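Everything below concerns the one structure shown next.
In what follows, every chain begins at residue 1, and chains take the letters A, B, ... in the order their sequences are listed. These numbers come from the heavy atoms of this one structure, side chains and all, not from hydrogens, waters or symmetry mates. Predicted model, so just to flag it, every value in this text is computed and none were measured.
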Amino acid sequence: MKKFYITTPIYYVNDKPHIGHTYTTVAADVLARWHRTLGEDIFFLTGTDEHGAKIESKAKEMGLEPKRYADEVAAVFKEAWKELNISNDNFLRTTDEAHMKAVQTALQYMYNKGDIYLSKYDGLYCRGCEQYKSERDLVDGLCPDHKIAPEKMSEECYTFKLSKYQDELLEKIKKDELKILPPNRKNEIVSFYEKEGLEDVSFSRKNINWGIPIPWDKSHTVYVWADAFLNYLTGLGWSGEAGKSPKFWPASAQLMSKDILRVHATIWPAMLLSLDLPLPEKIFIHGYFQINGQKMSKSLGNVIAPADLVKKYGVDATRYLIMSATAFGHDGDISWEKFDDKYNADLANGLGNLAARVSNLLETNKIKLNLRIGSDKKLNEECAASMQAFKFDESLKILWDKLRAGDAVLSDKKPWKLKDEAAIKNILEPIAGDILNAANLLKPFMPTVSEKVIKQFSAKQIKKGEPLFPRI
RNA sequence: CGCGGGGUAGAGCAGUUGGCAGCUCGCCAGGCCCAUAACCUGGAGGUCGCCGGUUCAAAUCCGGCCCCCGCAACCA
């Protein structure tokens, strides 16, 4: 059986889930569900990233132990995905014992191999924060929190020989052995490799306690990225053993937003090479949402939480609205107003209203049908092609064109004016069939409503029932 | 000269093998009245950022310029 393994990034627990996390996760779920309908053996992983200085200080701020704090936020993520009907097969937390142990095993192997070596890390250290700062964190050369200039400090750290894998990775990326999509993202990465190239990267921290101890030197903890990446393997039950692929590895598709593309196209595959494991087949980068033309940010107070959307539109509509908001892979602009418009136009007036008018005509005329799911081969193929190419918006457009055509035929033929049952049936049967077929193809996007429509339109005597999407 | 994306009708967007400029929403006028005041048809509305080039033909290819946005590895 064909295998399909899809991942989202694991989300950092310094923040609660917002529409950005939701976008990646719903998209992954849509793909996972679609591949399940193809009968593939699929595994869908998501989770949370819980170590690092930021979490340590955030927990401290709230007067909690880091683990306790992480437990709380991880629970919020789990709850959000449950609410959105996300069908993940596992939820990996980097504080899971098995994960931490596997990370240690893996790093020990890389160390023994000589891919990790002791070195010095030079950086700007703020005594107030007790943390290193990057140039970008500083305002006028000062720490924004403490208003003091950070000092140049240097400390020993274990460093990963990332540079060693430069040529091999560039080659594999160019040849699409590690396929980066959309193509412009591949170009971006190739040009990064060619123009800037890979430098070795620090893989341990000495002054951060909230992390996985480096097995051969317990005075260090594992740098969070090194810890986090391995989730894609440990989430499958991998024990950390080099060269030993767990059942579903390599990943068929890894979804993420553009902010973390570079590390996923450099450090992550380099670690895999170091561990003698195959690279993921594809990584797909989607865009960012802007809200009313502005970047989403806490300070602007325009952050949209998934629970807010679900409360207003319901689960299935929320999934639809997020996925249809923009071409997948591009940035998009969203707003409550646009969501309202789209909900009414596509769901209430579109799918919902068409289903209501057709089912009502069938019921009042007592017309019996015996419809079969998936009877429209052409529609199936067109949608499949779009889904394979990660063009979710295109797939939805194909379905809606079909539904619109149904409305037009009804207006044209006016079956409600006819008396002859056979004539009415001739008009309604194909449209009802289209609705059924469309519902079937909509399953990955709107699992619950689709099932409802399928049940409704598979009945011999189709009945009107309640509105699918009440107008807002 | 760090890298990348974008600038197409009032709004939001699609549109790379170059071939009369499209979609959704909104607006106007008709129609319909089965349906969730929903649906259908028609219409108005665009110098496809600016300048130049290639071509029989450019939103689409090439060069230059202006503007907006994202990223820039220890920020997870």
Side-chain angles (χ1 to χ4, degrees), chain A residues 9-15 48-55 94 121 123 131-137 157 159-160 162 182 184-185 187-192 194-196 198-205 223-229 257-267 287-288 290 293-295 324-327 329-335 337-338 340-342 344-365 393-394 397 400-401 404 406-418 424 428 464 466-472:
Chain A
I10 46 174
Y11 303 114
Y12 204 48
V13 293
N14 68 339
D15 195 11
T48 43
D49 182 10
E50 306 183 3
H51 289 125
K54 252 191 190 166
I55 302 307
T94 55
Y121 169 71
Q131 272 185 35
Y132 283 96
K133 296 279 168 182
S134 70
E135 295 280 351
R136 286 201 312 147
D137 292 333
C157 66
T159 301
F160 175 48
L162 183 57
N184 57 311
R185 296 297 173 194
N187 295 342
E188 195 176 324
I189 289 301
V190 166
S191 125
F192 171 73
E194 289 177 341
K195 289 187 183 159
E196 299 188 45
L198 302 183
E199 289 170 22
D200 292 353
V201 55
S202 158
F203 253 26
S204 80
R205 282 303 145 75
Y223 170 47
V224 281
W225 272 114
D227 170 356
F229 281 134
S257 67
K258 57 189 178 180
D259 53 333
I260 53 175
L261 164 61
R262 186 172 289 181
V263 285
H264 273 83
T266 53
I267 302 173
Y288 271 157
Q290 291 209 322
Q294 287 185 303
K295 189 173 171 171
S324 62
T326 185
H330 294 169
D331 288 350
D333 190 60
I334 58 167
S335 67
E337 202 186 353
K338 282 182 200 165
D340 283 357
D341 287 348
K342 199 136 177 70
N344 280 334
D346 294 356
L347 300 178
N349 302 346
L351 174 58
N353 185 56
L354 179 64
R357 45 195 319 213
V358 172
S359 57
N360 181 59
L361 287 165
L362 287 167
E363 184 176 4
T364 51
N365 287 292
D393 51 305
E394 194 177 282
K397 186 176 184 304
W400 254 261
D401 284 347
R404 269 183 243 281
D407 268 323
V409 170
L410 283 181
S411 296
D412 183 39
K413 307 273 188 193
K414 301 180 179 50
W416 52 88
K417 282 193 164 174
L418 303 178
I424 299 173
L428 295 181
K464 189 178 171 193
E466 294 297 306
L468 295 172
F469 303 99
R471 270 179 72 83
I472 285 178

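Side-chain atoms of Asp200(A) come within 3.5 Å of backbone N or O of Leu162(A) as a donor-acceptor pair. Asp331(A) places a side-chain N or O within donor-acceptor distance of the main-chain N or O of Tyr288(A), the cut-off being under 3.5 Å. Here the side chain of Lys414(A) pairs a donor or acceptor atom with the backbone of Ser411(A) at under 3.5 angstrom. Judged by distance alone, the side chain of Thr94(A) and the main-chain N or O of Glu50(A) form a donor-acceptor pair under 3.5 Å.
Going from atom CG of Leu162(A) over to atom C1' of rA73(B) covers 9 Å, rounded to whole Å. Arg185(A) has its CZ atom 7 Å from the C1' atom of rG4(B), to the nearest Å. For Leu418(A) and rC33(B), the CG to P distance is 12 Å, given to the nearest whole Å. Between the CG atom of Asp259(A) and the P atom of rC74(B) there is a distance of 14 Å, rounded to whole Å. Distance Phe192(A) CZ to rC71(B) P: 16 Å, rounded to the nearest Å. Rounded to an integer number of Å, the gap from CD of Glu188(A) to P of rG5(B) is 7 Å. Computed from coordinates, the Arg262(A) CZ to rG70(B) P distance equals 16 Å when rounded to whole Å. Distance Lys258(A) NZ to rG70(B) P: 8 Å, rounded to the nearest Å.
Looking at heavy atoms from C-beta onward, Leu468(A) lies out of side-chain contact with Asn353(A) at the 4.5 angstrom threshold. With contacts defined as side-chain heavy-atom distances shorter than 4.5 Å, the pair Lys338(A)/Asp333(A) qualifies. Using a 4.5 Å heavy-atom threshold, the side chains of Leu361(A) and Ile424(A) count as separate.
Contacts of Ile267(A) with the nucleic acid, taken as non-hydrogen atoms under 4.0 Å apart, are absent. Residue contacts for Ser191(A): at a heavy-atom cut-off of 4.0 Å it reaches the sugar-phosphate backbone alone, with no base atom in range. Looking at heavy-atom distances under 4.0 Å, Glu394(A) makes no contact with the nucleic acid at all. Residue Val224(A) is classed as a sugar-phosphate contact, given heavy-atom separations below 4.0 Å to backbone atoms only.
Of the P atoms belonging to rA11(B) and rG7(B), the separation is 14 Å, rounded to the nearest Å. Using P as the reference atom, rG45(B) and rG2(B) are 45 Å apart when rounded to the nearest Å. Comparing rC13(B) with rC20(B), their C1' atoms sit 23 Å apart, to the nearest whole Å. Rounded to whole Å, the C1' atom of rC39(B) lies 25 Å from the corresponding atom of rG10(B). On the P atoms, rU8(B) is 15 Å away from rG46(B), given to the nearest whole Å. Comparing the P positions of rA73(B) and rC68(B) gives a spacing of 23 Å, expressed to the nearest Å. Distance noted for atom P between rG22(B) and rC48(B): 14 Å (whole Å). Using C1' as the reference atom, rG18(B) and rC74(B) are 46 Å apart when rounded to the nearest Å.
One finds no side-chain N or O of Lys414(A) lying less than 4.0 angstrom from the OP1 or OP2 phosphate oxygen of rG31(B).
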Are any protein N/O atoms closer than 3.5 Å to N/O atoms in nucleotides 7-16 of chain B? If there are, list each pair with its distance.
from    : atom 1 : to        : atom 2 : distance (Å)
rA14(B) : OP1    : His330(A) : ND1    : 2.8

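Residue Lys342(A) is the one, among Lys342(A) and Pro9(A), whose nearest nucleotide of RNA chain B lies closer to the 5' end (criterion: closest heavy atom).
Across every non-hydrogen atom of Arg471(A) and Asn344(A), the tightest pair is CA-OD1, 3.6 Å. Across every non-hydrogen atom of Ser359(A) and Lys464(A), the tightest pair is OG-CA, 3.4 Å.
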In B/S/- notation (B base, S sugar-phosphate only, - none; protein heavy atoms under 4.0 Å), nucleotides 34-43 of chain B written 5' to 3' is BBB-SBS---

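To the nearest 0.5 angstrom, Leu198(A) atom CG is 6.0 Å from Phe192(A) atom CZ. Note that CG of Asp407(A) and CG of Asn349(A) are 9.5 Å apart. Values are rounded to the nearest 0.5 Å. Here CG of Asp346(A) is found 9.5 Å from CG of Leu351(A). Values are rounded to the nearest 0.5 Å.
With distances taken from any side-chain atom of Arg205(A) to the nucleotides rC74(B), rG5(B), rC69(B), the minimum falls on rC74(B).
Partner of Asp49(A) under the side-chain contact (heavy atoms from CB on, under 4.5 Å) criterion, out of Phe229(A), Tyr12(A), Tyr11(A): Tyr12(A) alone.
Taking a pair as Watson-Crick or G-U with both hydrogen-bonding distances under 3.5 Å, the stems of three or more pairs touching RNA chain B are B:2-7 with B:66-71, B:10-13 with B:22-25, B:27-31 with B:39-43, B:49-53 with B:61-65.
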